[in-house]
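Each chain gets a letter, A, B and so on, in the order the sequences are listed, and its residues count up from 1. Nothing here was measured: the structure is a model prediction, and the numbers come from that model.
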Amino acid sequence: MNPKNPMTELERIRHSAAHVLATAISRIWPDAQFAAGPPVENGFYYDVQLGHRISPEDFGRIEEEMGREIKANHVFERRVVSRAEAMEMATQGRLAALADRQEASRFKLDILTGIPEDEEISLYTNGEFIDLCAGPHVMRTGNIGAFKLTHVASAYYKGDERNPQLQRIYGTAFKKKAEMEAYFTMLEEAKRRDHRKLGREMDLFAFDDDVGPGLPLWLPNGTVLIEELEKLAKESEFAAGYQRVRTPHLARENMYLTSGHLPYYEESMFPPMELSDKNAEGGAGGVSDRYYLKAMNCPHHHKIFKAVPHSYRDLPLRLAEYGTCYRYEQSGELLGLMRVRSMQMNDAHIYCTPAQFEEEFMAVNEMYLKYFKIFGLKDYLMRFSTHDPARLGEKFVNDPEMWKQTEEMVRGVLQKSGINYVEVPNEAAFYGPKIDVQVWSAIGREFTIATNQVDFAVPARFGLVYKDRDNTEKTPLCIHRAPLGTHERFIGFLIEHYAGNFPLWLAPEQVRILPIGDEPELVEAASALRAELRGHGVRAEVDASSDKINGKVLRAEEAKVHTMLVLGRRDLEAGALSVRVHGKGNLGAKPRGEVVADLLASIRERRGNEA
RNA sequence: GCCAGUGUAGCUCAGGGGUAGAGCAACUGAUUCGUAAUCAGUAGGUCCCGGGUUCAAUUCCCGGCACUGGCUCCA
């Protein structure tokens with residue numbers, strides 16, 4: 001830990017709890033080898049190498065040992081040592097241990113060799129346990145008020161796949177027990193809004209082994225969400241001067257060789273479909289052609305650009321498509337809708353001149369902000385990813401001048417629009433800088449929900465040109481943007497964002513009419529109301545079950561139906577409807593015409609739940 | 001892909017070497033009820049898949065698959 005970057009009190013508690021965890025593990029398994037044990041967002045962990053496989057069943061006795069260590073209230077003692085002394089101790093197995101051992105403290109030894117010459121080396125001692133550590137810690141082990149081990153996972157040493165896998169024991173710690181209890185309550189709440197759980201409960205989407213992992217099936221309710229988002233996107237894009245195109249889901253190998261995706265991204269693409277042709281060169285049974293499922297839409301759109309000659313008068317040319325892409329994500333990376341293998345992207349490519357770039361890029365950002373406003377999205381982070389000059393020609397296209405130019409343009413746009421952002425070097429795409437919008441899922445994982453990228457390299461590879469004013473051919477810049485990301489991830493996010501309580505315009509079932517009883521006049525009035533609403537495009541149903549009104553209300557609430565219209569004899573006679581809104585309760589009776597007009601206005605204006 | 005855990009009805013879960021269990025949902029019938037559960041009945045199972053041990057495996061063992069939690073990755 002960097003002493004120039006002091007930790008908060010909570011971080012010090014958690015960092016100290018990590019040392020106490022290592023102390024406890026050392027007591028039970030003295031041959032344990034420890035790597036790193038830092039505080040993290042919601043707690044702490046310590047990486048350990050151990051013959052015994054630690055399972056949650058072991059947590060009880062580890063926690064017991066930790067409890068004793070805390071009760072003993074040992075002081076965390078800091079001591080600066082010479083490099084030689086530290087190496088000596090590591091060799092004797094004394095670091096991250098209770099005593100000298102047969103084996104050296106091998107990870108600590110490795111960490112020591114990585115510490116720069118001019119940096120101070122410090123040890124922290126709590127009781128008999130000594131660890132190599134820059135600190136800081138709390139004063140005494142007793143300052144750790146409440147702690148709990150949460151799970152065990154595995155992690156590669158130093159995060160490198162080629163290194164050995166260590167067991168990572170996660171825990172959390174707080175100053176006060178009540179704070180910890182509040183934290184676990186919050187976790188339970190978060191689980192309730194997990195899109196995987198809500199997706200099943202609300203019949204939004206499903207996975208099936210025979211279809212394949214990461215390939216979601218959109219059920220009717222989920223498809224409503226998709227269609228509403230597409231309607232929104234198509235309206236906004238039409239208004240912003242985009243043109244719609246459609247492209248196939250696959251293409252021949254050669255296109256991906258041109259784009260550069262093969263062989264660099266072959267691992268992330270589904271393996272090719274190989275065609276054999278008896279007449280082909282190579283003889284019978286030889287492979288005559290390979291087709292790949294598309295992992296991105298850009299090459300297809302570039303080909304559309306190229307299909308007709310373009311003049312500078314055509315630019316900016318904005319080609320939009322909800323394109324379906326397929327990516328062979330590693331099996332362990334799949335996560336509900338947030339990480340899938342088939343995805344429908346809110347994609348568009350804007351071809352423009354450098355002079356037009358700023359205005360176009362800014363218009364895209366404005367489209368983002370407009371969407372975020374509609375969805376009431378406030379908790380996001382704009383991440384501006386730039387290149388690393390040291391990796392030109394390797395990770396990034398070797399064109400320092402274009403990098404400088406485009407990054408300055410993007411930075412300028414961001415500053416001009418007063419958008420809050422963080423700049424992250426070395427995270428750009430290979431073809432240009434980009435802005436990603438980061439959000440967090442209910443279970444705390446971070447995802448890119450939208451992206452806006454500059455591409456100054458690939459159009460040239462495809463030989464895209466336009467005839468400029470001076471009658472010379474020039475290569476356009478390309479802006480690659482997906483403000484609504486993919487349907488899969490965006491809807492996964494929206495489910496959690498709204499906890500399944502969608503605003504009226506998005507709700508799969510917008511209105512449910514609940515007749516009280518089944519007298520013929522009531523049933524008839526309910527059907528007539530449904531027909532009228534459906535005539536206006538409202539997704540309305542009638543609950544014609546034999547449930548009592550209480551039961552009907554319960555079932556509609558459970559299904560998260562947005563608006564319930566209770567229709568009884570009293571309402572029928574008054575020409576009224578009793579309105580009940582999910583989560584808001586009974587709003588009382590209103591004239592029928594007013595109710596319908598309110599519903600239509602809310603849908604048309606895409607009002608949020610609070611409106 | 002790697003490490004660990006889990007896999008029983010549509011859902012949530014109990015059980016256990018020898019006819020497979022509950023609640024909710026579904027279906028049938030009765031009920032005519034004014035804002036979060038009306039009553040009764042019926043039906044529903046390859047206990048994830050394959051192999052092994054056993055007189056007998058859903059249960060124990062091995063392998064696979066899927067999911068969960070992480071790690072790695074994420075154009």
Please determine whether any donor N or O and acceptor N or O are separated by less than 3.5 Å between the side chain of [X] and the base of [N].
{"X": "A/N550", "N": "B/rU35", "answer": "no"}
{"X": "A/D571", "N": "B/rG34", "answer": "yes"}
{"X": "A/R555", "N": "B/rA25", "answer": "no"}
{"X": "A/Q330", "N": "B/rC73", "answer": "no"}
{"X": "A/S268", "N": "B/rA75", "answer": "yes"}
{"X": "A/S331", "N": "B/rA66", "answer": "no"}
{"X": "A/Y328", "N": "B/rG1", "answer": "no"}
{"X": "A/R339", "N": "B/rC74", "answer": "yes"}

Have a look at [X] and say if it touches a base, only the backbone sugar-phosphate, or nothing, with a 4.0 Å heavy-atom cut-off.
{"X": "A/Q453", "value": "sugar-phosphate"}
{"X": "A/F430", "value": "nothing"}
{"X": "A/T448", "value": "nothing"}
{"X": "A/G332", "value": "base"}
{"X": "A/D209", "value": "sugar-phosphate"}
{"X": "A/R580", "value": "base"}

Under 30°, 30 to 60°, or over 60°: which ring-plane class applies to [X] and [Y], parallel, tilted or perpendicular?
{"X": "A/Y157", "Y": "A/F107", "answer": "tilted"}
{"X": "A/F207", "Y": "A/F205", "answer": "perpendicular"}
{"X": "A/H249", "Y": "A/Y326", "answer": "tilted"}
{"X": "A/F174", "Y": "A/Y183", "answer": "tilted"}

If I pick the [atom1] atom on [M] and the same atom on [N], what distance separates them, to the nearest angstrom?
{"N": "B/rA43", "M": "B/rC27", "atom1": "P", "value": "16 Å"}
{"N": "B/rU28", "M": "B/rG44", "atom1": "P", "value": "15 Å"}
{"N": "B/rA30", "M": "B/rA36", "atom1": "P", "value": "27 Å"}

Specify the separation, in whole Å, of atom [atom1] of [X] and atom [atom2] of [N].
{"X": "A/L149", "N": "B/rG69", "atom1": "CG", "atom2": "C1'", "answer": "15 Å"}
{"X": "A/K395", "N": "B/rA75", "atom1": "NZ", "atom2": "C1'", "answer": "11 Å"}
{"X": "A/L334", "N": "B/rC65", "atom1": "CG", "atom2": "P", "answer": "14 Å"}
{"X": "A/D547", "N": "B/rA30", "atom1": "CG", "atom2": "P", "answer": "15 Å"}

Which nucleotide, if any, forms a Watson-Crick or G-U wobble pair with B/rG21, using both distances under 3.5 Å? B/rC13
If each of A/F207 and A/E558 is mapped to the nucleotide of RNA chain B with the nearest heavy atom, which maps nearer the 5' terminus, i.e. the 5' end? A/E558
Start at the 5' end of RNA chain B and walk down; is the nucleotide closest to A/G214 or to A/L166 reached first? A/L166
Distance test, side-chain N/O of A/R196 to OP1/OP2 of B/rC67, below 4.0 Å: no
Ignoring backbone atoms, establish whether A/R200 has a side-chain N or O less than 4.0 Å from OP1 or OP2 of B/rU12. yes
Minimum-distance nucleotide to A/I516 side chain [options: B/rG34, B/rA75, B/rU32]: B/rG34
Is it the case that A/R341 places NZ or CZ above or below the six-membered ring of A/Y328, under 6.0 angstrom from the centre and within 45 degrees of the axis? yes
B/rU68 glycosidic torsion: syn (within 90° of 0) vs anti: anti
Do other residues, nucleotides or ligands put more than 12 heavy atoms under 6.0 Å from the NZ atom of A/K303? yes
